[in-house]
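Lettering of chains follows the sequences in order, A, B, ..., and the numbering in each one begins at 1.
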Number of protein chains: 2
Amino acid sequence: MTCRMPFSSPAGTRSALTIRLSHYLPLTASEAAAIEAAQGPRRKLIAGEALLDAGGPVDSLFVVQQGWLHSSVRPPVGGRQILSFHYPGDLVDNSSIAWARAPTTLTAVSDCIVSDISKKQLGALLAQHGRIAGLLYAVAAAEAMAMADRLTSIGRMNAIQRLATLILDMLARLRVTAGGVVDSFDLPLTQTDLGDALGLTKVHVNRTMREMEERGMIARNGRRIRICDEAALVGFTGFVDRHATIATDWLPPPR
Amino acid sequence: MTCRMPFSSPAGTRSALTIRLSHYLPLTASEAAAIEAAQGPRRKLIAGEALLDAGGPVDSLFVVQQGWLHSSVRPPVGGRQILSFHYPGDLVDNSSIAWARAPTTLTAVSDCIVSDISKKQLGALLAQHGRIAGLLYAVAAAEAMAMADRLTSIGRMNAIQRLATLILDMLARLRVTAGGVVDSFDLPLTQTDLGDALGLTKVHVNRTMREMEERGMIARNGRRIRICDEAALVGFTGFVDRHATIATDWLPPPR
DNA sequence: CGGATCGTTGAATGTATTCAAAGTAGGTGG
DNA sequence: CCACCTACTTTGAATACATTCAACGATCCG
């Protein structure tokens, strides 16, 4: 249970969500202020810590300020499936807004800082700022399409293509907040995690990464992973970047 | 190219979208009217016809009034992946709202009637009716969770469980608009379609359906499929109904 | 009746899993 | 600082589930 503080973040510091949304659409001062005001106090999580357990009650969503998380489920059969990863600037756990109990487990992959947004606050934000409602709707749609891409890769591609697609997607998403061209990043996931995200066993993930490295597709150095020939991977998988741009021309004018 | 008519549907006939949303939340007259007004003229599609091609320009979404559709993609490798099915009352192709070009292909599975909603109209609707914005957001979240369930079944379950999960999901969704308890329905899909939805080949779908029938899990008669022991299938797969209820207690009051 | 699409079946093949075990790295406490 | 523990990575061999290829049967429709 978190209590709401009179201020939600250090004065003058914009939340990662505001920054990310600004990336797609210049926000008015009033819109930015409303987004900041909706967010609760910041909380630290250490790597591996669960922010929320599937089946537990929820009355808020979360904003990732720093670090990575993932959402996962544990079907009665089949171990675990990681559904998506959450990066700085993400509004996390949209799925749980439809129910009183969380459908997924949220786990910190690295050390994180998150804020919560109560559902009621989000409802008020959507009602008061129609343009933000539309933008959040579009961002959620883009994330749904990114999940559809993973569904496609798991349903129709082999292990190398699945892994390549996931790496490209992470890279694309990190570029939105990192800015500039990035060709390598720290992957705070174990091979077990990767397997659970890709519908593979950790053993097969290992062999697959090894093969990709041998083929010169990627280079590894500890947790650091570098994409050697991005264009080749894109051609190989048909990857489409779902994060770089979001259409905003259909949005109503700001209020 | 569709032209907008002065009236969107026969007088006195509520669109399937209005009916479905009313199922989750009693709408005010003004809300219902706004939803009706946003919809364009109705259009008929015959089974197999494409409503929209991936890569083509789009400036509207669609409302299914009657019949089934599905959205699919064709990765450069791997044939086709069916991402989701769309039933009467669905607001279809949310994913394309984030871009100027359609990321998926929409195909009529049976004969259909659809209306379109231009993105601009949707934007205006969201801005004018904050409660509808929230409700549509929640419905989209529920659909995203249903897709996550399929991701899980493809990633972590065997063929029988995948098929069982899909059948249970269709049944659950049909119950929202059909009303009453249904234990059988007409499945207008070929085994190739099922395979493309489940990440299996048509051959394996065939063997799997056959085995389910032999085991007494389902009964088939032409296109008609009957679920013999629903509770057993649910226990077997861990299926959760994502369509029956949507939390609405967090929504702001109607305007 | 002919053609096309869909469903069914068998045999060979292949990709990924399972099981088992050894190697490696990072952190903790003595 | 080293010993130890734990979690993670790597490797091999046997197995399993699903695919591929090929063909035939059934059904629908013009």
Side-chain angles (χ1 to χ4, degrees), chain A residues 46-49 70 75 77-82 107-111 153-166 186-215 218-225 237, chain B residues 46-49 70 75 77-82 107-111 153-166 186-215 218-225 236:
Chain A
I46 60 170
E49 193 177 348
H70 64 62
V77 57
R80 181 179 68 154
Q81 177 70 48
I82 293 177
T107 309
V109 170
S110 62
D111 292 349
S153 81
I154 295 180
R156 286 289 177 234
M157 295 182 185
N158 66 24
I160 289 196
Q161 292 164 327
R162 293 188 207 182
L163 197 44
T165 305
L166 182 62
D186 279 315
L187 186 63
L189 301 170
T190 66
Q191 295 182 348
T192 301
D193 292 333
L194 290 170
D196 287 345
L198 296 172
L200 298 169
T201 59
K202 64 185 181 204
V203 173
H204 202 58
V205 168
N206 182 285
R207 295 195 236 264
T208 305
M209 289 193 88
R210 190 145 287 282
E211 188 181 343
M212 290 180 77
E213 198 172 18
E214 278 166 17
R215 288 211 213 165
I218 59 170
R220 292 182 300 164
N221 194 339
R223 334 226 71 174
R224 192 111 197 136
I225 190 163
T237 58
Chain B
I46 61 171
E49 193 178 347
H70 64 61
V77 60
R80 181 179 70 154
Q81 177 69 47
I82 292 177
T107 309
V109 170
S110 62
D111 292 349
S153 80
I154 295 180
R156 285 291 178 233
M157 295 181 185
N158 65 26
I160 289 195
Q161 292 163 328
R162 292 187 207 182
L163 197 44
T165 306
L166 182 62
D186 280 313
L187 186 63
L189 302 169
T190 66
Q191 295 182 348
T192 302
D193 292 333
L194 290 170
D196 287 346
L198 295 171
L200 298 170
T201 58
K202 63 185 184 204
V203 173
H204 203 56
V205 167
N206 182 287
R207 295 195 237 265
T208 305
M209 288 193 90
R210 191 144 288 279
E211 188 182 343
M212 291 180 76
E213 198 172 19
E214 277 165 17
R215 289 208 212 168
I218 59 171
R220 291 183 300 165
N221 194 339
R223 333 223 74 175
R224 191 112 198 137
I225 191 164
F236 183 54

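The side chain to side chain contact (heavy atoms under 4.5 Å, CB included) search around B/Ala47 returns B/Asp111, not counting sequence neighbours. In this structure A/Glu211 satisfies the side chain to side chain contact (heavy atoms under 4.5 Å, CB included) test together with A/Ile160, A/Arg215, sequence neighbours excluded. Judged as a salt bridge (Lys or Arg N to Asp or Glu O under 4.0 Å), and not counting sequence neighbours, the contacts of B/Arg224 are B/Asp186. By the side chain to side chain donor-acceptor pair (under 3.5 Å) test, B/Asn158 is found to be paired with no residue, residues two or more places apart in sequence or in another chain being considered. In this structure, the side chain to side chain donor-acceptor pair (under 3.5 Å) partners of B/Glu213, at least two apart in sequence or on a different chain, are B/Arg220.
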When the side chains of residues 201-208 of chain B are checked against the rest of the protein, which donor-acceptor pairs come out under 3.5 Å, sequence neighbours left out?
{"residue": "B/Thr201", "atom": "OG1", "partner": "B/His204", "partner atom": "N", "Å": "3.2"}
{"residue": "B/Asn206", "atom": "ND2", "partner": "B/Gln191", "partner atom": "OE1", "Å": "3.0"}
{"residue": "B/Thr208", "atom": "OG1", "partner": "B/His204", "partner atom": "O", "Å": "2.6"}

Inset, instruction - Summarise protein proximity over nucleotides 3-9 of chain C in one line of letters, 5' to 3': B for base, S for sugar-phosphate only, - for none, counting protein heavy atoms closer than 4.0 Å. - result: ---SSBB
Inset, instruction - Begin from the C-alpha positions of A/Leu163 and A/Ile218 and carry the test side-chain contact (heavy atoms from CB on, under 4.5 Å) through to its verdict. - result: CA-CA 11 Å; A/Leu163 197 44; A/Ile218 59 170; 6.0 Å; no
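With hydrogens and angles ignored, the 3.5 Å screen pairs a side-chain donor or acceptor of B/Gln81 with a backbone N or O of B/Ala197.
Five base pairs at each end of the helix from C/dC1-D/dG30 to C/dG30-D/dC1 define two local axes, and these are offset by 40° (rounded to 10°).
When DNA chain D is scanned in the 5' to 3' direction for atoms under 4.0 Å from non-hydrogen atoms of chain B, the outermost contacting nucleotides are D/dA18 to D/dC21.
With values rounded to the nearest 0.5 angstrom, A/Ile82 atom CD1 is found 8.0 Å from A/Leu194 atom CG. To the nearest 0.5 Å, the span separating CG on A/Leu189 from CG on A/Leu166 amounts to 7.5 Å.
Sorted by first and then second residue, the salt bridge (charged side-chain N to carboxylate O under 4.0 Å, His left out) pairs involving residues 153-163 of chain A (not counting sequence neighbours) are A/Arg156-B/Asp196.
Contact detail for A/Val109 and A/Pro188: the closest heavy-atom pair is CG1-O, 3.1 Å.
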Identify each atom pair where a protein N or O and an N or O of nucleotides 13-16 of chain C are less than 3.5 Å apart, giving names and distance.
{"residue": "C/dA16", "atom": "OP1", "partner": "A/Ala159", "partner atom": "N", "Å": "2.9"}
{"residue": "C/dA16", "atom": "OP2", "partner": "A/His204", "partner atom": "NE2", "Å": "3.2"}
{"residue": "C/dA16", "atom": "O5'", "partner": "A/His204", "partner atom": "NE2", "Å": "3.3"}

